[in-house]
Amino acid sequence: GAVVSQHPSWVICKSGTSVKIECRSLDFQATTMFWYRQFPKQSLMLMATSNEGSKATYEQGVEKDKFLINHASLTLSTLTVTSAHPEDSSFYICSAPGSYSPASQFGYTFGSGTRLTVV
Amino acid sequence: RKEVEQDPGPFNVPEGATVAFNCTYSNSASQSFFWYRQDCRKEPKLLMSVYSSGNEDGRFTAQLNRASQYISLLIRDSKLSDSATYLCVVNTGNTGGFKTIFGAGTRLFVKA
């Protein structure tokens with residue numbers, strides 16, 4: 001089945017540094033990748049939608065310059081948290097629509113998530 | 001009003017019990033519906049899609065009521081391993097552009 005590989009699984013960084021998170025679709029081409037953030041005991045919140053070869057679409061309230069998204073190929077999307085602060089500490093997860101049909105029928109394949117802690 | 005609402009629980013049930021989760025959505029144009037399971041500190045995993053005719057997968061039964069904009073998940077003969085958070089997911093749109101909303105999840109604890 002469709003697999004999305006996400007790295008790193010966890011990262012601890014100092015305040016002010018940047019962190020890059022990668023999501024790769026291993027056995028299918030993901031023209032679209034969704035990036036979510038989840039704070040403890042809260043729902044997944046969509047941050048942005050990345051589209052291969054074009055600019056990402058950001059949800060309201062998400063800073064484009066802080067969360068840089070690049071979708072340079074059909075199998076790789078990256079999220080870079082720039083100048084990270086402790087309040088950016090969260091669980092970041094990517095997902096792609098099912099590989100064999102629109103998401104409307106078969107749901108999404110999620111990466112394993114990245115737990116970011118900014119100290 | 002939230003676009004997708006779930007009872008947060010937690011539901012504490014003994015092994016073997018039957019438990020039902022409910023979910024309501026506000027957008028009548030929503031097209032597809034799913035239940036996901038999320039274990040602590042893990043990514044969500046698709047449990048089952050929800051069809052208008054209702055569908056069953058082993059001990060799990062999902063139902064959709066479009067008129068009431070209501071989705072349900074029934075778990076029979078609960079196992080300890082069913083303990084998790086169950087997320088209701090609603091899609092609106094099509095491949096040209098769709099929006100996915102996750103409910104906040106319902107936490108289930110199954111105890112021996």
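Chain letters run A, B, ... following the sequence lines, proteins first, then strands; residues in each count from 1. Hydrogens, waters and symmetry mates play no part in the numbers below; they use all other heavy atoms, side chains included. Keep in mind the model is a prediction, meaning the values are calculated, not measured.
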> Looking at A:Gln38, A:Met45, A:Gln42, which has the largest count of heavy-atom pairs under 4.5 Å with chain B?
Replying inline: A:Gln38

>> Closer than 4.0 angstrom, basic N to acidic O: yes or no for B:Glu56 and B:Arg76?
In response: yes

> If you measure only the distance, is there a donor-acceptor pair under 3.5 Å linking the side chains of A:Glu52 and A:Ser73?
Replying inline: no

> Of the backbone (N, CA, C, O) and the side chain (C-beta and beyond), which part of B:Arg41 lies under 4.5 Å from a heavy atom of chain A, both, or neither?
Replying inline: both

> Hey, mind stepping through A:Glu22 and A:Arg24 against salt bridge (Lys or Arg N to Asp or Glu O under 4.0 Å) and telling me if it holds?
Replying inline: CA-CA 7 Å; A:Glu22 291 188 351; A:Arg24 292 179 184 273; 3.6 Å; yes

> Side chain, backbone, both or neither: which part of B:Gln6 has an atom under 4.5 Å from a heavy atom of chain A?
Replying inline: neither

> Do A:His7 and A:Ser5 get their side chains close enough for a donor-acceptor pair, meaning under 3.5 Å?
Replying inline: yes

> What part of A:Ile93 gets closer than 4.5 Å to chain B, counting heavy atoms only: side chain, backbone, both or neither?
Replying inline: side chain

